[in-house]
Amino acid sequence: VTTMFTSSTHENVVFFSDKGKIYRLKGYEIPESTRAAKGTNIINLLPIEQGEKITEAIRNNVDVDENHYLVMCTRKGIIKRTRMIEFANLRKKGMAAITLDEGDTLEYVAITEGNSDLIVATHDGRAIRFNENEVRSAGRTARGMRAVLMNEENFVVGMAVVTEHEQLLTVSEDGLGRRSNFSDYPIKHRGGQGVANTHRGVNIAGIRAVKETDDVICITDSGIMIRMAVRDV
């Protein structure tokens, strides 16, 4: 399981694949099923290629205009920012969203308003915070720029948009969770190593921006889910 969110039947759900393509469906185009049901294979809903996998899905309830950006981050730490107006003609058949280096995959996507701070976290327990304006706006087929400096064995496990009245939830691979104030993460320049986000030797599974009134659902690689209040972390 990659992501989970609530949506309405008439909202756009935007899908991103590991090959850097973007697709869009209306909520009502996704078949409804029960909690324990297997679900519908994505290949029956989207014209994805053989071997192509969906790595991110977001609900898009904002206007496609000059004031909103789509920020994309790859597994190897390449980040790209594109005006959402570039995707105004997006249809179900999809289009290219980013040009990837060989062996890299598109993993994390967020919608921003043009002047947000971003936090990118890595598997080995580091995180870097920088303003999105350090990533110049580029066209749909551009490659992007380096977000975080890391070795070849390391990889990005999450990207979060810094928002007022929210905190950063960090969850480790062995199930430990922690909330931190965004102010604990100093603003750096894009492309650095960032700061420590956990104890040495603890690997991170993911990060999320959360409010204290939120619930959070953690999902294991075998599909087991647990739901809890953020305030209990």
Any side-chain heavy-atom pair from Ile98 and Thr74 closer than 4.5 angstrom? yes
Test side chain to side chain contact (heavy atoms under 4.5 Å, CB included) applied to Phe130 and Ile119, step by step: CA-CA 7 Å; Phe130 55 88; Ile119 290 182; over 6 Å; no
Is there a side-chain contact between Phe155 and Thr122 in this structure, where contact means two heavy atoms from C-beta onward sitting under 4.5 Å apart? no
Spacing of Ser7 atom OG and Tyr28 atom OH [to the nearest 0.5 Å]: 12.5 Å
Applying salt bridge (Lys or Arg N to Asp or Glu O under 4.0 Å), name anything that partners Glu107, two or more places apart in sequence or on another chain. none
Do Ile78 and Tyr108 sit in one hydrophobic cluster, given that two such residues count as connected whenever their side-chain heavy atoms are within less than 4.5 Å of each other, even indirectly? no
Sequence neighbours left out, what passes ring pair (Phe, Tyr, Trp, His ring centres under 6.0 Å) with His189? Give chain and number order. none
Do Val161 and Val71 sit in one hydrophobic cluster, given that two such residues count as connected whenever their side-chain heavy atoms are within less than 4.5 Å of each other, even indirectly? yes
Contact check, side chains of Val171 and Leu176, non-hydrogen atoms, under 4.5 Å: no
Under the 3.5 angstrom rule, does the side chain of Thr112 hit a backbone N or O of Ser116 as a donor-acceptor pair? no
Asp18 and Thr55: side chain donor to acceptor below 3.5 Å: no
When rounded to the nearest 0.5 angstrom, what distance separates CG in Leu118 from CD1 in Ile79? 5.0 Å
Apply the test side chain to side chain contact (heavy atoms under 4.5 Å, CB included) to residues Val156 and Val148: give CA-CA distance (whole Å), side-chain angles for both, the deciding distance (0.1 Å), then the verdict. CA-CA 9 Å; Val156 172; Val148 57; 4.1 Å; yes
I need the minimum non-hydrogen distance between Lys76 and Glu102, along with the two atoms involved. NZ-O, 3.5 Å
Got a sec, which residues hit salt bridge (Lys or Arg N to Asp or Glu O under 4.0 Å) with Arg200, two or more places apart in sequence or on another chain? none
For Thr141, enumerate each residue passing the side-chain contact (heavy atoms from CB on, under 4.5 Å) test, keeping only those at least two apart in sequence or located in another chain. Thr99
Would you say the side-chain atoms of Thr82 pair up with the backbone N or O of Ala138, donor to acceptor, closer than 3.5 Å? yes
Counting only heavy atoms not in Glu113, do more than 12 sit closer than 6.0 Å to its CD atom? no
Are His123 and Ile204 close enough, and set up right, to give a side chain to side chain contact (heavy atoms under 4.5 Å, CB included), and what steps lead you there? CA-CA 5 Å; His123 179 249; Ile204 300 301; 5.8 Å; no
Can you tell me how far apart CG (Leu90) and CZ (Arg24) are? Round to the nearest 0.5 Å. 4.5 Å
Partner set under side chain to side chain donor-acceptor pair (under 3.5 Å) for Asp232, not counting sequence neighbours: none
If the condition is side chain to side chain donor-acceptor pair (under 3.5 Å), which residues does Tyr23 pass it with, not counting sequence neighbours? Glu52
Looking only at the side chains, is there a donor atom on one of Asn133 and Asn115 sitting less than 3.5 Å from an acceptor on the other? yes
How long is the gap from OG on Ser180 to CG on Asn197, to the nearest 0.5 Å? 6.5 Å
Indicate the atoms forming the closest heavy-atom contact of Val195 with Pro186, along with that distance. CG1-CG, 3.9 Å
Quick one: CD1 on Ile48 to OG on Ser17, what's the gap to the nearest 0.5 Å? 8.0 Å
Residues at least two apart in sequence or cross-chain that pass side chain to side chain donor-acceptor pair (under 3.5 Å) with Asp101, listed by chain then number, are Arg143
State plainly whether the residues Asp215 and Arg227 are in salt-bridge range, i.e. N to O under 4.0 Å. yes
Looking only at non-hydrogen atoms, find the nearest pair between Met228 and Cys218 and report the distance. CE-SG, 4.3 Å
Looking at Lys80, Glu132, Arg83, which one forms a side chain to side chain donor-acceptor pair (under 3.5 Å) with Tyr69? Arg83
Using modelled atom types and a 3.5 Å cut-off, is there a donor and acceptor pairing between side-chain atoms of Asn181 and backbone atoms of Ser183? no
With the 4.5 Å side-chain cut-off for hydrophobic clustering, are Phe5 and Ile217 part of the same group? no
Calculate, to the nearest 0.5 Å, the distance between atoms CD1 and CZ belonging to Ile128 and Arg190 respectively. 9.0 Å
Is there a path of hydrophobic side-chain contacts, each under 4.5 Å between heavy atoms of I, L, V, M, F, W or Y residues, that connects Met95 with Met84? yes
Which donor-acceptor pairs under 3.5 Å do the side chains of residues 35-42 make with protein atoms, sequence neighbours left out?
unit_1 : atom_1 : unit_2 : atom_2 : d
Asn41  : OD1    : Ile43  : N      : 3.0

Tell me, please, which residues at least two apart from Arg140 pass salt bridge (Lys or Arg N to Asp or Glu O under 4.0 Å). none
Which pairs would a plain distance check flag for residues 205-214, meaning a side-chain donor or acceptor within less than 3.5 Å of a matching protein atom at least two apart in sequence or in another chain?
unit_1 : atom_1 : unit_2 : atom_2 : d
Asp214 : OD2    : Lys211 : N      : 2.8

Which residues pass the side-chain contact (heavy atoms from CB on, under 4.5 Å) test with Ala97, not counting sequence neighbours? Ile22, Met72, Phe87
Just to verify, what does Asp117 make a side chain to side chain donor-acceptor pair (under 3.5 Å) with, not counting sequence neighbours? Arg129, Asn131
Ala57 versus Phe15, closest heavy-atom pair with distance: CB-CD2, 3.8 Å
Test applied, side-chain contact (heavy atoms from CB on, under 4.5 Å); reference residue, Arg178; option that passes from Thr170, Leu169, Leu168: Thr170
If you group Ile, Leu, Val, Met, Phe, Trp and Tyr by side-chain heavy-atom gaps below 4.5 Å, do Val13 and Leu46 land in one group? yes
Is the shortest side-chain heavy-atom distance between Val120 and Cys73 below 4.5 Å? yes
Let me see the working for Leu106 and Glu56 under side chain to side chain contact (heavy atoms under 4.5 Å, CB included), right down to the final yes or no. CA-CA 8 Å; Leu106 175 59; Glu56 181 71 289; over 6 Å; no
